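Predicted, not measured: the structure shown is a model, and the values here were computed from it. Every heavy atom of this structure was used, including side-chain atoms; hydrogens, water molecules and symmetry mates were not.
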Amino acid sequence: MPAPPQAARRNLGLSPLTSDDPVRMGGHTLVGRLGAGGLGTVYAALGHDSQLFAVRVFRPGCTADPGFRARLREEVDLVRRVDSPYIPRFVTVAPEADPPWTATELVPGPTLGEWVAGSGPLTGEALLAVAAGTLEALCALHTRGLVHRNLGPDNVKLAPTGPKVLDPGIARALDEAVLARTGGLAGAPGRTAPERYRRGGSGPGVDVFAWGVLLAFAATGREPFGEGAPQEVARRVLWEEPDLEGVPENLLPLVEAALDKDPDRRPRSPELLRGLLADGAETDELVRRGWLRLARTRGRGRRRVLALAATAGALLAAWAVGALLFPGAAAW
């Protein structure tokens, strides 16, 4: 396949397919790699209507638990009923395929983790926008009886229109597979709520705790329970107070409440959102203002990141259509 435009490769973080990668999944033509991790590999793919999608192909180990496929179908079916501008739309789930895979709308832009690593912590209205958008996404999930279970900087995208929470519906299917296989928990130890370590709790409070960790990281660039061996980080989560120095005063009470070690004292996501919007603002307005601020920060080069991400998807789609119609151009 010919090479995608350089702008699309750079701004979507696209790398070429390897000889071991599939070329098609269902009706989706894979055009490059977006990333790989413990769950499997995520590809950029072109659908029948020339729209771009993110196709996640699960690793064979995920299916070692015989209940994984059923949980995946059940969770994704529930997520499809969630209507939120801060959660990508699920298009396809193929739990019975070998290997299983899903397809969602492709979200351009850096992850929160990538942004903080490259541009530093968020401040002011941009930080409020991420706080509000991610909380709105959690409220939408919790209203439907869903729990994300793995909220973190790597699955919050700073898309051109606002923050997007990735991978809802995936973590439960994976988490129980990991428990069945290893007796452990999926997810980063510093974002795992204390009740999960003590008794495997998995209610909405675990997302609230993870949101508190996420906001502390976004505001300071540091993990509030530090780095180190998983056992040591877990010990801090269970017994030590988080490092919240640098979290703005207007957000500090909400973050402290979210990180309460007792899930019964921890506020629910709608309570946190009401506290955040106490001045009468709406989430969409906070996000709009914050994204305008974000686009102006950190100098000319980084100021263009979100705008470039918005065009990269269109460039890639145009390239992919041309590649299918006129194969044989230069390779990667």
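- In terms of heavy atoms, Leu286 sits closest to Ala132 at CD1-CB, 3.9 Å.
- Under the 3.5 Å distance criterion, the side-chain polar atoms of Glu105 are matched with a main-chain donor or acceptor of Arg89.
- A salt bridge links Glu240 to Arg235: at least one charged side-chain nitrogen sits closer than 4.0 Å to a carboxylate oxygen.
- Side-chain contact check for Phe209 versus Pro263: every heavy-atom pair is 4.5 Å or farther apart.
- Closest approach of Trp115 to Pro110, counting heavy atoms only: CE3-CG, 3.9 Å.
- A salt bridge is absent between Asp207 and Arg149: the closest approach of a Lys/Arg side-chain nitrogen to an acidic carboxylate oxygen does not fall below 4.0 angstrom.
- In the hydrophobic clustering, Val23 connects to no other residue, as no ILVMFWY side-chain heavy atoms lie under 4.5 Å from its own.
- Residue Val91 is not grouped with residue Leu46 when hydrophobic side chains (ILVMFWY) are merged at heavy-atom distances under 4.5 angstrom, including chains of intermediate members.
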Steps toward side-chain contact (heavy atoms from CB on, under 4.5 Å) verdict (Leu128, Leu251): CA-CA 8 Å; Leu128 282 175; Leu251 286 174; 3.9 Å; yes
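- Considering only heavy atoms from C-beta on, Leu215 stays 4.5 Å or farther from Val247 through its side chain.
- Thr102 and Arg56 share no donor-acceptor pair across their side chains, judged by distance under 3.5 Å alone.
- The CD atom of Glu96 lies 9.5 Å from the CG atom of Leu72; values are rounded to the nearest 0.5 Å.
- Side-chain contact between Val147 and Leu141 is absent, with no heavy-atom pair separated by less than 4.5 Å.
- Cation-pi geometry between Arg59 and Trp101 is not satisfied (NZ or CZ under 6.0 Å from the ring centre, within 45° of the ring normal).
- Between Arg266 and Glu195 a salt bridge is recorded (basic side-chain N to carboxylate O distance below 4.0 Å).
- Using modelled atom types and a 3.5 Å distance limit, the side chains of Trp211 and Thr134 yield a donor-acceptor pair.
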Stepwise side-chain contact (heavy atoms from CB on, under 4.5 Å) test for Thr41 and Arg33: CA-CA 7 Å; Thr41 305; Arg33 281 175 160 239; 3.9 Å; yes
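- Counting heavy atoms from C-beta on, the side chains of Leu158 and Thr111 never come closer than 4.5 Å.
- In this structure, the separation between CZ on Phe90 and CZ on Arg80 is 8.5 Å, given to the nearest 0.5 Å.
- When atom types are taken as modelled, the side chain of Asp21 and the backbone of Thr18 share a donor-acceptor pair closer than 3.5 angstrom.
- When side chains are defined from C-beta on, Pro99 does not count as touching Pro60, because their heavy atoms never get closer than 4.5 Å.
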Chi angles and distances behind the salt bridge (charged side-chain N to carboxylate O under 4.0 Å, His left out) call for Glu75, Arg71: CA-CA 6 Å; Glu75 289 289 295; Arg71 288 194 303 273; over 6 Å; no
Residues Met25, Val55; criterion side-chain contact (heavy atoms from CB on, under 4.5 Å); working and verdict: CA-CA 8 Å; Met25 298 301 293; Val55 171; 4.1 Å; yes
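- Under the 4.0 Å criterion applied to side-chain N and carboxylate O atoms, Glu285 and Arg289 are assigned as salt-bridge partners.
- You'll find the side chain of Pro194 stays beyond 4.5 Å of the side chain of Trp239, heavy atoms only.
- Leu166 contributes atom CG, which lies 7.0 Å from atom NE2 of His148 (distance to the nearest 0.5 angstrom).
- A single hydrophobic cluster is seen to contain both Leu259 and Val156, as judged by linkage of ILVMFWY side chains at heavy-atom distances under 4.5 Å, directly or through other members.
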side-chain contact (heavy atoms from CB on, under 4.5 Å) between Thr192 and Val237, worked out: CA-CA 8 Å; Thr192 300; Val237 168; 6.0 Å; no
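- Without hydrogens or angle criteria, Trp291 side chain to Ala159 main chain gives a donor-acceptor distance under 3.5 Å.
- A side-chain donor-acceptor contact under 3.5 Å links Asn155 to the backbone of Gly152.
- Aromatic rings from Phe58 and Phe68 are positioned such that their centres are separated by under 6.0 Å.
- Side chain of Lys157 to backbone of Gly109: a donor-acceptor contact under 3.5 angstrom is found.
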